[in-house]
Amino acid sequence: MKIVTWNINGVRARIENLCAWLKESDPDIVCLQEIKSVDENFPRLEIEALGYHVETHGQKGFNGVAILSKVSPDEVTRGLPGDDADEQSRFMEAVFSTGKGAIRVCSIYLPNGNPPDDPVKYPYKLAWMARLEAFAKSRLALEEPLVLAGDYNVIPEPHDCYEPAAWAGDALFLPKTRQAFRRIENLGFTDALRASSDGVPVYTFWDYQAGAWQKNNGIRIDHLMLSPEAANRLKSVAVEKHVRAWEKPSDHVPVAGYFDF
DNA sequence: ATGCCTTACATGGTAAGA
């Protein structure tokens, strides 16, 4: 089974790109982030025509997540628990049956948090990460295969960016951000790409500005975090970076995990 | 150099991204 996370940066602006990629990549489950669309305007017909079931959790203008799948999920829930007043659409969860039991998959769009001195944005990011940690801890107790897939807006380590000094004061790389990420990891999750990349720098995002793609000035912020039961079935991970060179690309590329399910 | 692009919303410049 192939499970992918991809920040699409506007699903309506990217629908031709997305359909071409679905045909080429042939994923079983796709977690999308930044769909930037309300559910009613999500281009579901084009995707359903390619044989995918579509579940969305959108909002007007920005944010928004979705899960596409060849097989219909048994259950879907929307919103990260822990703050009923949070109206930003950044989280959804789906459970699928496979020939080898159930698998649980979450599509995560973690807050950016910049600028860090903003009275709202960085505290919201850290609070959101604390909620994600609590959720992750509760789900681990189920002892099920679980994939927390998404754009974490976290650069975990210095070698996950082209120039650590340039990111020193950024909300994606601040010590508190990395610490909050490690707290989740240390509950017992495996960072799938790190576990399979032998320490070689691998990036998943290149800014549109300043020729970042051409200069390979990238960062690794899109992650597949695996419960032990999922990590034990991981076969390989691929960053489909060629997609970044397509016409009208997203600034993120798909990150795919291949599992023995 | 809080910009350099890009999307959405709206229909002209902002907000947001990372």
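Just so it is clear, the model here is predicted, and its values are computed rather than measured. Proteins come first, then strands; the chains are lettered A, B, ... in the order of their sequence lines, and each starts at number 1.
Contact annotation for A/D151: backbone-only contact, meaning every heavy-atom pair under 4.0 Å involves sugar-phosphate atoms and none involves a base. A/Y109 comes within contact range of the sugar-phosphate backbone alone, with a heavy-atom separation under 4.0 Å but no base atom that close. Backbone-only engagement by A/K121 is indicated by non-hydrogen atom pairs under 4.0 Å involving sugar-phosphate atoms exclusively.
With hydrogens and angles ignored, the 3.5 Å screen pairs a side-chain donor or acceptor of A/R233 with a backbone N or O of A/D260. Between the side chain of A/S89 and the backbone N or O of A/G58, at least one donor-acceptor pair lies under 3.5 Å. Between the side chain of A/W6 and the backbone N or O of A/H252, at least one donor-acceptor pair lies under 3.5 Å. Between the side chain of A/K2 and the main chain of A/D28, no donor-acceptor pair closer than 3.5 Å is present.
Separating the CG atom of A/L110 from the P atom of B/dA18 is a distance of 10 Å, rounded to the nearest angstrom. Atom P of nucleotide B/dT7 and atom CD of A/E34 are separated by 12 Å, given to the nearest angstrom. Atom P of nucleotide B/dA8 and atom CZ of A/F62 are separated by 13 Å, given to the nearest angstrom. Atoms CD1 (A/I155) and P (B/dG17) sit 15 Å apart, rounded to a whole Å. Going from atom CG of A/N217 over to atom P of B/dA18 covers 17 Å, rounded to whole Å. Rounded to a whole Å, the CD atom of A/Q59 is 12 Å from the C1' atom of B/dA16. In this structure, A/F42 places its CZ atom 12 Å from P of B/dA8, rounding to the nearest Å. Between A/R12 atom CZ and B/dA10 atom P there is a gap of 11 Å when expressed in whole angstrom units.
Screening A/E229, A/E93, A/E75 for a side chain to side chain donor-acceptor pair (under 3.5 Å) involving A/R104 leaves a single residue, A/E93.
Remark: the separation of the C1' atoms in B/dG12 and B/dA1 is 25 Å, to the nearest Å. Taking the P atom of each, B/dG13 and B/dT2 are spaced 23 Å apart, rounded to whole Å. A distance of about 25 Å separates the P atoms of B/dC5 and B/dT11, rounded to the whole Å. Between B/dA10 and B/dA16, the distance separating the two P atoms is 14 Å to the nearest Å.
Judged by distance alone, with hydrogens and angles left aside, A/N153 brings no side-chain donor or acceptor close enough to the base of B/dA18 to form a pair under 3.5 Å.
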Would you tabulate the pairs of protein nitrogen or oxygen atoms and nucleotide nitrogen or oxygen atoms of nucleotides 11-15 of chain B closer than 3.5 angstrom?
none

Every protein N/O lying under 3.5 Å from an N/O of nucleotides 2-6 of chain B:
from: B/dC4; atom 1: N1; to: A/Q209; atom 2: OE1; distance (Å): 3.4

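Projected onto DNA chain B by closest heavy-atom contact, A/V11 and A/I219 fall at different nucleotides, the more 5' of which corresponds to A/V11.
Residue A/H252 has a polar side-chain atom (N or O) positioned under 4.0 Å from OP1 or OP2 of B/dA18. Regarding contacts with the backbone of B/dG17, a side-chain N or O of A/R90 is found under 4.0 angstrom from either OP1 or OP2.
Alongside A/Y122, the hydrophobic cluster contains A/L126, A/L174 (criterion: ILVMFWY side chains under 4.5 Å).
Ring-centre distance between A/F96 and A/F261: not below the 6.0 Å cut-off.
Side-chain contact of A/N63 with A/Q88: a donor-acceptor pair under 3.5 Å is present, judged by distance alone. Checking A/S227 against A/E144 by side-chain atom types alone, no donor-acceptor pair falls below 3.5 Å.
Between A/F181 and A/Y152, the two ring planes are perpendicular [angle over 60°; tilted spans 30° to 60°].
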